[in-house]
Number of protein chains: 2
Amino acid sequence: MGLDIVDTESSSAKVISRLSACGIRITEQRLRIATILLSAPQHRSAEQIADALRSDGARVSKATVYNTLNLFAAHGLIRQLSVDGDCAWFDSNIGPHYHFRDEQTGALQDVELQDVQFSRLPEPPAGMEVTGIDLVIRLRRRNDI
Amino acid sequence: MGLDIVDTESSSAKVISRLSACGIRITEQRLRIATILLSAPQHRSAEQIADALRSDGARVSKATVYNTLNLFAAHGLIRQLSVDGDCAWFDSNIGPHYHFRDEQTGALQDVELQDVQFSRLPEPPAGMEVTGIDLVIRLRRRNDI
DNA sequence: TTCCTTGCAAAACTTTTGCATTAAA
DNA sequence: TTTAATGCAAAAGTTTTGCAAGGAA
């Protein structure tokens, strides 16, 4: 705290190096989108990203938002989630983890890997291997209190 | 085996009674869609249902297919899955269970409840209760054999 | 210069809706 | 006869694409 400028500079440098490490060319739009998403673990829809860009005073076309998010996802910088049919969610936490999902609001919350343990998992079908496990714990507000 | 007519009659009667039990009015279109889905546990997209209806020689509008699937889902006769962003999948297995998903083809396969056991699950956030758990085990073809 | 990225608009795609017609009770 | 379901087309929403213009290497 206190050294906002230095913090900002160093996090900007971090974002640039993460993009560069993937061979992604640095542009203003990509830097803005990456800064929004990679500043902290979060779940955002394309529309929310576009809104955030507008709030920041940036003017980035919808097509570029989508293309950029897909580019980031293709390089493993973010992960696209399919938790509802309405729109895609982009998760900046790329480590293995799971999710809570509020069924009323659609809000997502991370569940740490170590908070879920399996004592049994099925054998994958012959000739197949497991590439990952998606787990969503659906929630609703309790009305019994 | 051997008594196809009786089998067909009895399964048709079963479908009708399941719809009636939900207070769903019987129509030809609903009966056709229900017969396709409820004949066996399966996962189908709206488009696949529409294709199947066309193959059967039935002419059912796209709107009716969607409305009917939503109606069935609202009454708990089928369950809508969100496993990819491309389209909705409708699962006629409404008992609790999980899924394998082939990442290349998108194909789904049921995983029985007892084939997955949790030795640890996180506490839901305060004031919330768990309504269900969606688990998708992602698969790809092994190329190491 | 050369290649890549952006923005805009239009297209593509899935899903929903409005309304006149038709079928079920 | 009264109410609800269907079909069609159009609308709505999200995501992708084509292409001219602009920016990075």
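Note that the coordinates shown come from a computational prediction; the quantities given were computed from them, not determined experimentally. In the text below, chain A, chain B and the rest are named by the order of the sequence lines, each starting its count at 1.
- Atom pair A:Ile26:CD1 and C:dC3:C1' shows a separation of 17 Å (rounding to whole Å applied).
- When distances are taken from the side chain of A:Asn70 to each of D:dT16, C:dC3, C:dG7, the shortest belongs to D:dT16.
- Counting non-hydrogen atoms of other residues, nucleotides and ligands closer than 6.0 Å to CZ of B:Arg79 gives a total above 12.
- Counting only heavy atoms from C-beta outward, the side chains of B:His43 and B:Asp110 approach each other to under 4.5 Å.
- Side-chain contact between B:Tyr98 and A:Pro122 is absent, with no heavy-atom pair separated by less than 4.5 Å.
- Taking atom NZ of B:Lys62 as the reference point, atom C1' of D:dA12 lies 12 Å away to the nearest angstrom.
- Protein atom CG of B:Leu71 is 14 Å distant from nucleotide atom P of C:dT17, rounded to whole Å.
- Distances shown here put every side-chain N or O of B:Tyr66 at or beyond 4.0 Å from the OP1 or OP2 atom of C:dT16.
- Here C:dT5 is the nucleotide among C:dG7, C:dT5, D:dT6 with the atom lying nearest to any side-chain atom of A:Thr27.
- Between the P atom of C:dT14 and the CZ atom of B:Arg44 lies a distance of 17 Å, rounded to the nearest Å.
- In this structure, B:Asn67 does not reach the C:dT16 phosphate: none of its side-chain N or O atoms is under 4.0 Å from OP1 or OP2.
- Rounding to whole angstrom units, CG of residue B:Asp84 and C1' of C:dT14 are separated by 12 Å.
- A:Glu47 has its CD atom 16 Å from the P atom of D:dA12, to the nearest Å.
- Between the CZ atom of A:Phe72 and the P atom of C:dT5 there is a distance of 11 Å, given to the nearest Å.
- Side-chain contact between A:Leu135 and A:Val111 is absent, with no heavy-atom pair separated by less than 4.5 Å.
- Side-chain contact between B:Asp91 and B:His99 is present, with heavy atoms from C-beta onward closer than 4.5 Å.
- Ranked by how close their nearest DNA chain C nucleotide is to the 5' end, B:Cys87 and A:Ser61 are led by A:Ser61.
- When each of A:Asp86 and A:Thr64 is assigned the nucleotide of DNA chain D bearing its nearest heavy atom, the one mapping closer to the 5' terminus is A:Asp86.
- In this structure, the nucleotide among D:dG23, D:dG7, C:dA9 sitting nearest to the side chain of A:Arg25 is D:dG23.
- For B:Gln29, no side-chain nitrogen or oxygen approaches OP1 or OP2 of C:dA23 to under 4.0 Å.
- Contact annotation: B:Arg30 reaches the phosphate of D:dT6 (side-chain N/O to OP1 or OP2, under 4.0 Å).
- Between the C1' atom of D:dT15 and the CD1 atom of A:Ile49 lies a distance of 15 Å, rounded to the nearest Å.
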